[in-house]
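For reference, the structure discussed in these notes is given below.
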Amino acid sequence: MHALSRLAPEVRQYLLVTGNYWAFTLTDGALRMLVVLHFHSLGYTPLQIAALFLFYEIFGVITNLVGGYLGARLGLNRTMNIGLGLQVAALLMLTVPAAWLTIPWVMGAQAMSGIAKDLNKMSAKSSIKLLVPNSQQGTLYKWVAILTGSKNALKGVGFFLGGALLALLDFRGALLVMAALLAVVWLASLMLLKKDLGKASAKPKFRDILSKSRAINILSAARLFLFGARDVWFVVALPVYLSSVFGWDFWMVGGFLAAWVIGYGIVQSFAPSITGNARGEVPDGRAAFVWAALLAGLPAAIALGLYSDVSAHWVLLGGLLVFGALFAVNSSLHSYLIVSYAKEDGVSLDVGFYYMSNAMGRLLGTLLSGWVYQAYGLEACLWISSAFVLLAALISLGLPRHAEQPAR
């Protein structure tokens, strides 16, 4: 604690925000894996499992839209702490006796978790804009990449944690352990996080939740299809396929998906070096198009490989590794661009609108993941994924280049 107090205030707040985000992400990843594996083991179909996450994604859309407004009026410290507290409540909701765990009850708990997750994410991403001078875009890109990459690496650890806790304890015991640990983080955040961080100088009107920036609107549309492309096969279809077709147990499914997301997060952290930040270059709209175009054909190639005589293990697992690396760079580029484009005063309004589109993409991908996999199989999910990435690439053509300024 003494060493923390000696750091520059901006660095200290960055570390506190990042620590909160890390702790939350561990529980979020673990909870998703717990729900998927536990209810799959109870005999739920892929579409029924996808339905359990329906409110999680729907309320994520609403929360990002309204949460940006709340962050600008109340301060990002408050919205972040509200998110942490709601996640503790959501975890405890699922510790009720097994007879109470009906689909509506689980969907309600997931709705609360979705609100919590997106309040936390919006607050963390918006805070970075306020802690780095506007003239230091290279530093901003690096800090955003570290925050985003480390978060996703820890989400992967959360996937493994969820599978491990389910195997070692039981569904209820795993949830109680996570709720207790996150409650400690929440209490520390209430005491240490800077008051009024991110509060707008002039109280925004509710109509300001809709972005008026052309650049942010275009980037938001591209983000919607980019994340729909990931979740259409990753959320439900992939873990169920690994369990039912490959015959993997909880440890193997959780461990593999954890390793994938950890690797994905590590690549995100190094995205500035991959895209030229070490040479003093920061990405623009052209970079967003190029990297999306590189990704677009990969899911279709994996689908074609699954139709062939090549071992499905090699095709799917190898394709996943390449997909993860390319997707990580795309995601990191987008995360930097939104923070760069956003206005400093009331930053959470722009960031919240953008992550509303991100949540809409996840919602679309989650629903399609369960329905398309159940009706047509994993290959169909992969074809849809390629189409979505292609749309994201084409939309990115409208983003500003370095010679342009984002229109407002």
Qualifying residues under side chain to side chain contact (heavy atoms under 4.5 Å, CB included), relative to P299, sequence neighbours excluded: F323, L382, S385, S386
Listed partners of I58 passing side chain to side chain contact (heavy atoms under 4.5 Å, CB included), at least two apart: L54, F55, I62, L363
Residues 387-398, side-chain donor-acceptor partners within the protein, below 3.5 Å, at least two apart:
from : atom 1 : to   : atom 2 : distance (Å)
S396 : OG     : A392 : O      : 2.8

Please tabulate, for the side chains in residues 93-106, all donor-acceptor contacts under 3.5 angstrom to protein atoms that are two or more places apart in sequence or on a different chain.
from : atom 1 : to   : atom 2 : distance (Å)
T95  : OG1    : L92  : O      : 2.6
T102 : OG1    : W105 : N      : 3.4
W105 : NE1    : M93  : O      : 2.7

Qualifying residues under ring-ring contact (aromatic ring centres under 6.0 Å, His included), relative to Y44, sequence neighbours excluded: F39
Listed pairs under 3.5 Å, donor-acceptor, residues 261-268 side chains, sequence neighbours left out:
from : atom 1 : to   : atom 2 : distance (Å)
Q268 : OE1    : N152 : ND2    : 2.4
Q268 : NE2    : S331 : OG     : 2.9

Residues which pass ring-ring contact (aromatic ring centres under 6.0 Å, His included) with Y241, listed by chain and number, not counting sequence neighbours: F246
Which residues share a side-chain hydrogen bond (donor to acceptor under 3.5 Å, both in side chains) with N330, sequence neighbours left out: none
All side chain to side chain contact (heavy atoms under 4.5 Å, CB included) counterparts of A90, not counting sequence neighbours: Q87, M112, S113
Sequence-distant partners of W383, ring-ring contact (aromatic ring centres under 6.0 Å, His included), two or more places apart: none
Cationic tip of R32 above F53 ring, under 6.0 Å, 45° of axis: yes
All salt bridge (Lys or Arg N to Asp or Glu O under 4.0 Å) counterparts of R230, not counting sequence neighbours: none
Test ring-ring contact (aromatic ring centres under 6.0 Å, His included) applied to F227 - qualifying residues, sequence neighbours left out: F327
